[in-house]
Amino acid sequence: MKKQVYHKAKAKQVYMTQSQVTRALIQKEITEKSMIMLLGIPLIVLRDKYSFGKKRLELFTEEVLKQVKCVENNVVTLEELHEVIKKETGMEIKI
């Protein structure tokens with residue numbers, strides 16, 4: 001099993017107006033709600049087709065959310081993640 005390393009993104013100071021803060025909070029909430037909805041599809045597939053139970057579904061969800069945070073923090077891009085999948089498995093992610 002390969003050990004994954006999650007890199008720390010460099011923190012930078014950002015100044016925002018109150019309206020920018022409000023907008024950022026709304027965007028964050030929308031993103032979180034979207035992730036919860038989008039996680040439902042792979043979770044039901046893992047449950048129905050591969051008999052995942054609560055423990056494995058929770059572990060899967062935790063790992064997905066770790067990767068989402070890496071993308072949000074600009075540690076890695078979606079394109080880089082897709083490239084890793086292609087390089088390691090030969091599978092291209094086409095949308």
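Note: hydrogens, waters and symmetry copies are ignored here, and every other heavy atom, side chains too, is used. Numbers here simply count residues along the sequence, with the first being 1.
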Query raised in the report: Yes or no on side-chain contact (heavy atoms from CB on, under 4.5 Å) for Gln67 and Leu81, after CA distance, side-chain angles and deciding distance?
Result: CA-CA 9 Å; Gln67 295 297 330; Leu81 294 177; 3.8 Å; yes

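Hydrophobic clustering places Val45 together with Leu39 (ILVMFWY residues linked when any side-chain heavy atoms are closer than 4.5 Å, directly or through intermediates). In the hydrophobic clustering of this structure, Leu25 does not group with Ile30; members are Ile, Leu, Val, Met, Phe, Trp, Tyr whose side-chain heavy atoms approach within less than 4.5 Å, directly or through other members. No continuous path of ILVMFWY side-chain contacts below 4.5 Å connects Leu59 to Ile44, so the two sit in separate hydrophobic clusters. Val84 and Val75 fall into different hydrophobic clusters, where Ile, Leu, Val, Met, Phe, Trp and Tyr are joined by side-chain heavy atoms under 4.5 Å apart, directly or via other members.
Interatomic distance, CD of Glu58 versus OG1 of Thr61, reported as 7.5 Å (0.5 Å rounding). Taking OG1 of Thr31 as the start and CD1 of Ile26 as the end, the distance is 11.5 Å to the nearest 0.5 Å. Atom CE of residue Met91 and atom NE2 of residue His82 lie 9.0 Å apart, to the nearest 0.5 angstrom.
Inter-residue side-chain proximity for Met37 and Lys33 is flagged as unmet; no heavy-atom pair is nearer than 4.5 Å. Residues Val76 and Val71 meet the side-chain proximity criterion, which asks for heavy atoms closer than 4.5 Å. Under the 4.5 Å side-chain criterion, counting only non-hydrogen atoms from C-beta, Val68 is in contact with Met35. Side-chain contact check for Glu63 versus Lys66: some heavy-atom pair is nearer than 4.5 Å.
A salt bridge is absent between Lys86 and Glu83: the closest approach of a Lys/Arg side-chain nitrogen to an acidic carboxylate oxygen does not fall below 4.0 angstrom.
For Lys28, the salt bridge (Lys or Arg N to Asp or Glu O under 4.0 Å) partners two or more places apart in sequence, or in a different chain, are Glu32.
Around atom CD of Gln27, more than 12 heavy atoms belonging to other residues, nucleotides or ligands sit under 6.0 Å away. Other residues, nucleotides and ligands contribute only 12 or fewer heavy atoms inside 6.0 Å of the CD1 atom of Ile41.
Contact between Ala24 and Met16 at its shortest, heavy atoms only, is CB-CE, 3.8 Å.
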